[in-house]
Amino acid sequence: MKPLSTRTADETTLQDLGKASIQIVHDLKNQLNGLKLYATFLRKRIEKSERPDDEQQTIAKLITGLDRAANDLSTIVQYGREIELKKQSGFDIQKVLRSICAQLNDGEPPVVCEGDGDPLFGEFDPTRLADAFSWISTVALKHRQNGDTPGVVTVTVKRDETQANQAKIEWFGLAPIEHDPFKSFAGSDEIRMSLAAKIIEAHGGSAAYRDQRLVVTIPLME
């Protein structure tokens, strides 16, 4: 067993490495934004010179890729920092989830939001929690079951039957996912899902993938 002093030194080293990593990622994001600026300028020059379509498409893909990478790095920086919440009382999570589902629906509704009808008020950070629910709903939509016709994702929002002062949100209709998207950094979606879980946990809740469902629990106002 290592002496306590050595263990403390190891923990301090890990903390220092974590802080340094966040700063490095932040600097990389700024460099990518600079490259995006130059690429955007180049695209304007190409458009004015009436270059072939394939050249314009190539530069457009480059800008999209730089933008996606910068956004991913920004999310990693947010994940690495402590979550600071600006809570407000009387925030109805059922209302915000219905709004998110409506935004995701285009034409035939691929997302259906179901609830008890009664408001579910809590003391939450509206912006942070809405972002978390939006990321989860978007990922759920991408993983919906596919057959001859695309499946429908159902989001249920209700009081947890086991705890009266707790809400339970579940996303149904998903195809099997090989890994827990809340605990992975395998891609852009997983990075945002990991951050969503951290935001929910900061509110005293939990997020997990169970039996082809995304499940979130979060405390409500008494």
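Sequential numbering from 1 along the given sequence is applied to the chain's residues.
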**Student:** Applying side chain to side chain donor-acceptor pair (under 3.5 Å), name anything that partners Ser184, two or more places apart in sequence or on another chain.
**Tutor:**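 Applying side chain to side chain donor-acceptor pair (under 3.5 Å) to Ser184 gives none.
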**Student:** Can you give each donor-acceptor pair under 3.5 Å made by side-chain atoms of residues 128-140, sequence neighbours left out, with the distance rounded to 0.1 Å?
**Tutor:**
unit_1: Ser137; atom_1: OG; unit_2: Phe133; atom_2: O; d: 2.9
unit_1: Ser137; atom_1: OG; unit_2: Trp171; atom_2: NE1; d: 3.1
unit_1: Thr138; atom_1: OG1; unit_2: Ser134; atom_2: O; d: 2.8

**Student:** Looking at side-chain heavy atoms only, is the closest gap between Arg144 and Pro110 below 4.5 Å?
**Tutor:**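 The answer is yes; the side chains approach within 4.5 Å.
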**Student:** If every non-hydrogen atom of Phe182 is compared with every non-hydrogen atom of Ala208, which pair is closest and at what distance?
**Tutor:**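 Taking Phe182 first and Ala208 second, the nearest heavy atoms are CE1-O, 3.4 Å.
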**Student:** Which other residues end up in the same hydrophobic cluster as Phe121, if Ile, Leu, Val, Met, Phe, Trp and Tyr are linked when side-chain heavy atoms come under 4.5 Å apart?
**Tutor:**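 Taking Ile, Leu, Val, Met, Phe, Trp and Tyr as members, Phe121 shares its hydrophobic cluster with Met221.
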**Student:** Apply side chain to side chain contact (heavy atoms under 4.5 Å, CB included) to residues Tyr209 and Ile177 and explain how you reach the verdict.
**Tutor:** CA-CA 9 Å; Tyr209 174 65; Ile177 304 176; 3.7 Å; yes
**Student:** Decide whether Ile93 and Val215 are clustered together by the hydrophobic rule: side chain heavy atoms of Ile, Leu, Val, Met, Phe, Trp, Tyr closer than 4.5 Å, transitively.
**Tutor:**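 Result: no, two separate clusters.
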**Student:** If you count heavy atoms of other groups shown closer than 6.0 angstrom to NZ of Lys95, is the number above 12?
**Tutor:**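 No - once you tally the heavy atoms of other residues, nucleotides and ligands closer than 6.0 Å, there are 12 at most.
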**Student:** Which residues satisfy the side-chain contact (heavy atoms from CB on, under 4.5 Å) test with Pro219, sequence neighbours excluded?
**Tutor:**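 Counting only residues at least two positions away or on another chain, Pro219 forms no side-chain contact (heavy atoms from CB on, under 4.5 Å).
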**Student:** Taking atom CD of Glu170 and atom CG of Asp211, what is their separation to the nearest 0.5 Å?
**Tutor:**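 Spacing of CD (Glu170) from CG (Asp211) equals 10.0 Å.
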**Student:** How far apart are the closest heavy atoms of Arg98 and Glu114, and which atoms are they?
**Tutor:**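 It is NH2-C, 4.2 Å.
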**Student:** Excluding sequence neighbours, so at least two apart, what forms side chain to side chain donor-acceptor pair (under 3.5 Å) with Ser89?
**Tutor:**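 Scan of Ser89 (side chain to side chain donor-acceptor pair (under 3.5 Å), adjacent residues dropped) gives none.
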**Student:** To the nearest 0.5 angstrom, please state how far the CD1 atom of Ile199 sits from the CG atom of Leu195.
**Tutor:**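 These two atoms lie 4.0 Å from each other.
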**Student:** Mind checking what makes side-chain contact (heavy atoms from CB on, under 4.5 Å) contact with Gln103, not counting sequence neighbours?
**Tutor:**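 Here the qualifying residues are Ser99.
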**Student:** Test of understanding: with side-chain contact (heavy atoms from CB on, under 4.5 Å), list the residues that count as partners of Ala202, not counting sequence neighbours.
**Tutor:**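 With sequence neighbours excluded, Ala202 shows a side-chain contact (heavy atoms from CB on, under 4.5 Å) to Ile83, Leu85, given in chain and number order.
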**Student:** Side-chain contact test, heavy atoms from C-beta onward, threshold under 4.5 Å: evaluate it for His179 versus Glu190 and give yes or no.
**Tutor:**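 Touching, per the 4.5 Å side-chain cut-off.
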**Student:** Sequence neighbours excluded, which residues qualify as ring-ring contact (aromatic ring centres under 6.0 Å, His included) partners of His203?
**Tutor:**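 Result, ring-ring contact (aromatic ring centres under 6.0 Å, His included) vs His203: Phe124.
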**Student:** Where is the tightest heavy-atom contact between Lys86 and Asp125, given as atom of each residue plus distance?
**Tutor:**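 Taking Lys86 first and Asp125 second, the nearest heavy atoms are N-OD2, 2.8 Å.
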**Student:** Only counting residues at least two apart or in another chain, list the ones meeting side-chain contact (heavy atoms from CB on, under 4.5 Å) with Thr40.
**Tutor:**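 Result, side-chain contact (heavy atoms from CB on, under 4.5 Å) vs Thr40: Lys36, Arg43, Lys44, Ile63.
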**Student:** So Val111 and Thr154, side chain to side chain contact (heavy atoms under 4.5 Å, CB included) or not? Walk me through it.
**Tutor:** CA-CA 6 Å; Val111 182; Thr154 301; over 6 Å; no
**Student:** Would you give the length of the straight line joining atom CD of Glu201 to atom OG of Ser206, rounded to the nearest 0.5 angstrom?
**Tutor:**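 Rounded to the nearest 0.5 Å, the CD-OG separation comes to 7.5 Å.
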**Student:** Using side chain to side chain donor-acceptor pair (under 3.5 Å) as the criterion, list what pairs up with Asp189, not counting sequence neighbours.
**Tutor:**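 In terms of side chain to side chain donor-acceptor pair (under 3.5 Å), with neighbours along the sequence ignored, Asp189 is linked to Lys142.
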**Student:** Just list the side-chain donor-acceptor pairs under 3.5 Å for residues 162-169, sequence neighbours left out, or say none.
**Tutor:**
unit_1: Thr162; atom_1: OG1; unit_2: Asp160; atom_2: OD1; d: 2.9
unit_1: Thr162; atom_1: OG1; unit_2: Asp160; atom_2: OD2; d: 3.3
unit_1: Gln166; atom_1: NE2; unit_2: Asp160; atom_2: OD2; d: 2.7

**Student:** Show your working on side chain to side chain contact (heavy atoms under 4.5 Å, CB included) between Val112 and Val155 and close with a plain yes or no.
**Tutor:** CA-CA 6 Å; Val112 176; Val155 185; over 6 Å; no
**Student:** Can you measure from CD1 (Ile100) to CG (Leu141) and round to the nearest 0.5 angstrom?
**Tutor:**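 That separation rounds to 12.5 Å.
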**Student:** Where is the tightest heavy-atom contact between Arg213 and Phe172, given as atom of each residue plus distance?
**Tutor:**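 Taking Arg213 first and Phe172 second, the nearest heavy atoms are CD-CE2, 3.0 Å.
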**Student:** With Arg159, which residues qualify under side chain to side chain donor-acceptor pair (under 3.5 Å), at least two apart?
**Tutor:**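 In terms of side chain to side chain donor-acceptor pair (under 3.5 Å), with neighbours along the sequence ignored, Arg159 is linked to no residue.
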